[in-house]
There are 2 protein chains.
Amino acid sequence: MVNVSIIGKGNMGQAISSVFSKAGATIQLLGSGDSATAAYGDIIVLAVPYPAIEGIIAERGEQLEGKIIVDITNPLNFETFDSLTVPADSSATAEISKTLPSSRVVKAFNTNFASTIAEGKVGTTPTTVLIAGDDEDAKSQLADLVTAGGLRAIDAGATKRARELEGIGFMQISLAAGEKIAWTGGFGVN
Amino acid sequence: MVNVSIIGKGNMGQAISSVFSKAGATIQLLGSGDSATAAYGDIIVLAVPYPAIEGIIAERGEQLEGKIIVDITNPLNFETFDSLTVPADSSATAEISKTLPSSRVVKAFNTNFASTIAEGKVGTTPTTVLIAGDDEDAKSQLADLVTAGGLRAIDAGATKRARELEGIGFMQISLAAGEKIAWTGGFGVN
């Protein structure tokens, strides 16, 4: 049995929780009022907006050590929807990895809108979770959980490929915010 | 009747030619042996790899002035498949725009594999061409031609959004090169 802590009770945290529950994992769902409760998962999903990550690391740093940390963020400037807030040659995942050198950080779910995670489909295409990271075992454990939960998983490469995944996430949010696609749609992987 | 010149007779040039033919455009298809023939199209598609663009601009610079120039490139390092060859905060489209200040440069087709352009489908999803650029009229003319040719078109934003489109193209090529997806598949837009 895999223990998963999901920090963040928003629509992404809930959708990911439903997938991992389906996979048979034990889920600990922690909201902003649960800072006194330690995250005990072997896999810890940071299901919060990018600006909230720093505070979680400050608060829960020791709980994250040695764990598989799943970064789902799209570090957009949400005031302008016109740029990312991480350096152009970096990514949220790379930045988080730097501050958590004892953790095994992977990128996942940032190219999936919440409803496509919950429904298992993007239009008529089965939902695929793209996973990037430098720790092969961490990616493999996460992929197993994702597929056991009914979604597809693809290893999208090393941590440096998180930059392209965040480009995809940015474009997808930009298209939905501009009403060019629906928040229930997005990029399907064929 | 729209006149379109397509420079490049590879699988992308041919697929784009078939779409624009369907749309009723007059097509001038120019290969590497046709450098003595002037490109007369109102829309000129540079259907060549990114490293070949510089030579075409040197050779045909005056023919490109005032025209709608369609950049379809993914400026990958094709030796390593591990990085883009343009600056991290820029894009092929932004670089080409700088060298062609009198042209109306748009990004399009770089997120579409050739067979999905020719077939009109990515898996079960109708093929969508994402178009970016600063010239609204140029994007609109190209979108009209794309939709008349049987594909979908979405305005993906200004020239700066070409950076994200090239991230999508890079990831798509990377996944296909790694045999994670088929060259007949890729990202469908839902």
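Computed from a prediction, not measured in an experiment: that's the story for all the values here. Residue numbering restarts at 1 for every chain, and letters A, B, ... go by the order of the sequence lines.
Under a hydrophobic-cluster definition in which Ile, Leu, Val, Met, Phe, Trp and Tyr are linked whenever side-chain heavy atoms come within less than 4.5 Å, directly or via other members, B:Ile72 and B:Phe20 are assigned to the same cluster. The cluster map of Ile, Leu, Val, Met, Phe, Trp and Tyr, joined by side-chain heavy atoms under 4.5 Å apart, puts B:Leu142 and B:Val129 in the same cluster. In the hydrophobic clustering of this structure, B:Ile27 groups with B:Val146; members are Ile, Leu, Val, Met, Phe, Trp, Tyr whose side-chain heavy atoms approach within less than 4.5 Å, directly or through other members. Residues B:Phe109 and B:Val2 share a single hydrophobic cluster, defined by chaining ILVMFWY side chains whose heavy atoms lie under 4.5 Å apart. Clustering ILVMFWY residues whenever any of their side-chain heavy atoms sit less than 4.5 angstrom apart, transitively, puts A:Tyr50 in the very cluster that holds A:Val48.
Note that CG of A:Asn190 is 9.0 Å distant from OG1 of B:Thr184, once rounded to the nearest 0.5 Å. With rounding to the nearest 0.5 Å, the separation of CZ in B:Arg163 from CZ in A:Arg163 is 5.5 Å. Taking OG of A:Ser83 as the reference point, atom NZ of B:Lys160 lies at 8.0 Å (rounded to 0.5 Å).
Taking both residues in full, the closest heavy atoms of B:Asp155 and A:Leu175 are given as O-CD2, 4.2 Å, listed atom of the first, atom of the second, then distance.
Under the 4.5 Å side-chain criterion, counting only non-hydrogen atoms from C-beta, B:Val122 is not in contact with A:Thr125. Using a 4.5 Å heavy-atom cutoff, the side chains of B:Val189 and A:Lys180 are not in contact.
Heavy-atom distances place both the backbone and the side chain of A:Ile168 under 4.5 Å from chain B. Residue B:Phe187 touches chain A through both its backbone and its side chain, counting heavy-atom pairs closer than 4.5 Å.
At a heavy-atom cut-off of under 4.5 Å, chain A is reached by B:Ala88, B:Asp89 from residues 84-93 of chain B, listed in order of number.
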Item to complete: Let me see the working for B:Ile154 and A:Ile181 under side chain to side chain contact (heavy atoms under 4.5 Å, CB included), right down to the final yes or no.
Response: CA-CA 9 Å; B:Ile154 291 181; A:Ile181 63 171; 4.0 Å; yes
Discussion item. Go through it in stages, so that I can follow the logic: the residues are A:Asp82 and B:Arg161, the test is side chain to side chain contact (heavy atoms under 4.5 Å, CB included), and I'd like the CA-CA distance, side-chain angles, deciding distance and then a yes or no.
Written reply: CA-CA 9 Å; A:Asp82 200 33; B:Arg161 284 292 84 72; 2.9 Å; yes
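Under the side chain to side chain contact (heavy atoms under 4.5 Å, CB included) criterion, A:Ser35 pairs with A:Glu59, not counting sequence neighbours.
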